[in-house]
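Note sheet for the following structure.
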Amino acid sequence: MAPLIAVEEVDKTFESGAHGVRALDRVSFDIEEGSFVSLVGPSGCGKSTLLKIISGLIPASRGAVRVGGRLVDGPLANVGMVFQAPVLLKWRTVAENVMLPVEFAGRNPRDYEDKARSLLALVGLEDFYDEAPYRLSGGMQQRVSLCRALVTDPGILLMDEPFGALDAMTREELDLELLRIWGEKKMTVVFVTHNIQEAVLLSDTVVVMSARPGRVLERLPIALERPRTIEMTSGAEFGRYGLVIRAMLGRSAANPPVKLSA
Amino acid sequence: MKLSLKDIAEPVLFFLALLVVWEVLVKFARVPSFILPPPKDLYHAFTAKFFILGHHSLITFAEAVGGFALSLVLGVAFAIAVVYSRHLHNTIYPLIVILYAMPKSAFAPLMVIWIGYGLFSKIAIAFLVAFFPIVVNTVVGLKEVEPELIDLARINRGSAWGVFKKIRLPNALPYLFAGVKVALVLSVTGAIVAEFVAANEGLGYLVLQANYSLDTAFALVILLILALLSLLLFAVVEMLQRKWIPWSAEVRQIEGSF
Ligand SMILES: Nc1ncnc2c1ncn2[C@@H]1O[C@H](COP(=O)(O)OP(=O)(O)O)[C@@H](O)[C@H]1O
Ligand SMILES: [Mg+2]
């Protein structure tokens with residue numbers, strides 16, 4: 001079966017200042033439809049940039065991204081996005097925030113009311129439908145943000161360190177919630193994190209990236225059985241995956257690639 | 001914050017004490033009343049000239065609010081134009097910045113030449129001083145939008161109009177209100193300064209008349225009325241802000257408690 005998303009030799013250099021910043025270095029990997037893929041790598045290695053290129057929000061300098069066999073040359077439809085900050089609109093209720101993509105897409109919000117309601121119920125926020133978002137905790141706000149990303153039923157969910165700003169316990173809760181929703185909806189998830197444990201817990205495949213300019217060090221399949229549980233994180237197999245990824249990241253930091261001349 | 005009885009009693013007592021000290025000091029030090037009249041004289045001046053004060057207050061109020069209203073409409077329109085048009089941003093905006101650097105009140109004599117002696121030259125000055133805080137704040141509010149929201153709009157094929165209506169404009173409202181508060185106080189000052197230059201009515205004119213006749217008590221009463229006028233306008237804006245965009249205050253509170 002052909003992969004849903006194919007990242008082919010993607011290079012990205014930001015033209016800023018006297019010399020450009022090279023963010024990505026010939027990045028290639030495939031993502032199967034319905035799979036859960038994490039990108040891990042040190043801060044500044046181009047994870048967010050790669051996510052934006054996949055979504056078509058910014059172009060690659062070289063190389064290409066194909067989704068469903070078609071070249072990505074502009075913002076993809078059929079994509080949901082979750083960011084590190086919830087970025088909810090303060091002047092809207094929770095439900096109205098969830099509706100935002102529907103309105104932008106020019107669809108009738110009426111048709112999506114049940115959908116929004118069931119999504120909010122799915123993350124345990126059914127009682128906060130008409131609440132102002134700033135009255136919710138950080139974890140609850142991020143749940144709303146997830147509902148907003150899912151309201152149009154996207155085939156692809158792009159998440160950029162979505163739980164990175166939350167405390168460890170809330171993060172774990174949301175990780176499991178995300179797995180449950182993913183199991184139900186069967187969308188393809190690309191999940192950026194710099195938390196190795198989180199990447200192993202969630203993913204079918206972990207793409208390990210080097211420090212800037214980001215290269216793919218390894219595509220590591222995680223063979224842990226599903227459904228994943230928190231208990232697994234203390235198991236030996238889980239620990240081994242963590243060590244392998246950590247070792248790869250450490251090696252890359254010890255031997256940085258030759259710098260481009262300025 | 002809940003006000004306790006003490007929070008109300010304290011300022012009241014303080015101001016009463018201030019009045020008593022003022023009255024007593026002026027009496028015992030034999031300060032001539034054209035230098036500093038006792039509070040009693042202020043009270044007499046106020047009651048004796050109540051209707052004159054009322055008439056001239058209305059004039060100044062009309063000038064200030066007229067100039068402010070004009071600055072609000074044109075300022076917001078101009079801010080939107082500058083944010084959306086690179087050309088305007090490159091041409092008219094620098095011009096506005098140069099104007100901003102000039103002392104606007106120095107335009108008052110010119111306004112008399114250009115517009116005349118009447119109400120409109122005062123409205124023009126009030127407008128001029130109120131315009132900049134409105135523009136600057138609105139521009140910032142329209143621009144300071146989380147880039148993720150713009151990404152979200154692009155992914156969902158949102159129109160520029162949709163981004164403006166659903167994101168930029170509401171986002172600018174708290175900034176606009178901040179600008180409005182500054183602009184209102186400035187527009188009162190602008191109207192007064194314009195009246196200083198050339199006028200035959202309004203509180204600025206009245207204060208000059210009081211000065212010429214060394215009626216210091218009356219001059220001080222006028223200043224107090226001006227303070228009240230500004231505070232009143234400020235309070236109205238605060239109230240509207242709380243009513244129309246409760247989330248702007250709430251958000252600040254929440255952020256402040258972290
Ligand atoms: N719009 C931009 N202009 C210039 N440089 C950028 C831009 N976006 C990102 N970069 C640079 O590209 C590199 C990768 O950034 P990013 O993709 O945000 O990394 P990550 O998400 O892995 O932390 C960084 O060095 C960053 O400074
Ligand atoms: Mg990032």
Side-chain angles (χ1 to χ4, degrees), chain A residues 48-49 51-58 72 74-93 96-107 109 112 131-138 141-142 145 148-149 151-154 156-162 165, chain B residues 1 76 80 83-84 137-138 140-180 237-258:
Chain A
S48 299
T49 303
L51 221 50
K52 280 192 177 167
I53 292 174
I54 291 174
S55 68
L57 283 169
I58 60 173
V72 176
L76 283 178
N78 195 29
V79 164
M81 296 206 294
V82 182
F83 313 95
Q84 178 162 14
V87 287
L88 302 175
L89 303 178
K90 307 173 204 68
W91 51 89
R92 289 184 170 218
T93 65
E96 287 167 349
N97 264 289
V98 173
M99 281 305 180
L100 189 66
V102 174
E103 294 174 23
F104 274 136
R107 307 186 204 181
Y112 285 83
E131 192 62 84
Y134 50 82
R135 294 195 188 284
L136 309 186
S137 70
Q141 289 189 24
Q142 203 53 292
S145 170
R148 179 179 63 185
V151 73
T152 51
D153 264 325
I156 300 172
L157 185 59
L158 303 178
M159 307 181 80
D160 195 350
E161 303 193 30
Chain B
M1 190 181 74
V76 170
I80 293 170
V83 168
Y84 276 90
N137 280 285
T138 310
V140 171
L142 290 171
K143 279 189 172 169
E144 302 246 300
V145 164
E146 282 117 335
E148 290 94 336
L149 286 172
I150 307 300
D151 287 348
L152 207 65
R154 287 182 61 205
I155 280 290
N156 290 290
R157 306 283 185 278
S159 62
W161 169 242
V163 171
F164 174 73
K165 194 176 56 168
K166 293 176 201 298
I167 297 178
R168 291 197 191 278
L169 195 61
N171 189 68
L173 285 181
Y175 298 83
L176 176 60
F177 264 94
V180 159
V237 175
E238 276 279 310
M239 200 195 70
L240 289 179
Q241 180 170 13
R242 216 161 288 161
K243 201 171 147 192
W244 288 346
I245 50 168
W247 45 271
S248 71
E250 298 273 359
V251 170
R252 246 180 290 137
Q253 260 177 26
I254 299 268
E255 282 174 353
S257 68
F258 275 130

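This is a predicted model, so every value here is computed, not measured. Labels below follow one simple rule: chain letters A, B, ... track the order of the sequence lines, proteins then strands, and each chain is numbered from 1.
- The closest side-chain heavy-atom distance from Leu149(B) to Leu89(A) is below 4.5 Å.
- Counting heavy-atom pairs under 4.5 Å between each of Gly158(B), Ser159(B), Pro170(B) and chain A puts Pro170(B) at the top.
- Looking at Ile167(B), both its backbone and its side chain come within 4.5 Å of chain A, counting heavy atoms on both sides.
- Distance check, rounded to the nearest 0.5 Å: CD1 of Ile155(B) to CG of Leu158(A) gives 7.0 Å.
- Every residue meeting the side chain to side chain donor-acceptor pair (under 3.5 Å) condition with Ser145(A), not counting sequence neighbours, appears here in chain and number order: Gln142(A).
- Contacts between Arg107(A) and chain B at a heavy-atom distance below 4.5 Å are absent for every atom of the residue.
- Atom OG1 of Thr93(A) is separated from atom CH2 of Trp247(B) by 14.0 Å, given to the nearest 0.5 angstrom.
- Both the backbone and the side chain of Leu57(A) come within contact range of chain B, with heavy atoms under 4.5 Å apart.
- For Arg154(B) (side chain) and Leu76(A) (main-chain N/O), no donor-acceptor pair under 3.5 Å exists by modelled atom type.
- Interface remark: Ala132(A) contributes no atoms to any contact with chain B (heavy atom separation under 4.5 Å).
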- Query: Is there a side-chain contact (heavy atoms from CB on, under 4.5 Å) between Met81(A) and Glu148(B) once you walk through the steps?
  - Reply: CA-CA 9 Å; Met81(A) 296 206 294; Glu148(B) 290 94 336; over 6 Å; no
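- Side-chain contact check for Lys52(A) versus Asp151(B): some heavy-atom pair is nearer than 4.5 Å.
- Contacts between Glu146(B) and chain A at a heavy-atom distance below 4.5 Å involve the side chain alone, from C-beta outward.
- The distance from atom CG of Leu152(B) to atom CZ of Arg148(A), rounded to the nearest 0.5 Å, is 5.0 Å.
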Checking Phe104(A) against Val163(B) for the side-chain contact (heavy atoms from CB on, under 4.5 Å) test, could you report, in this order, the C-alpha distance in whole Å, the side-chain angles of both residues, the deciding distance, and whether it holds? CA-CA 8 Å; Phe104(A) 274 136; Val163(B) 171; 4.1 Å; yes
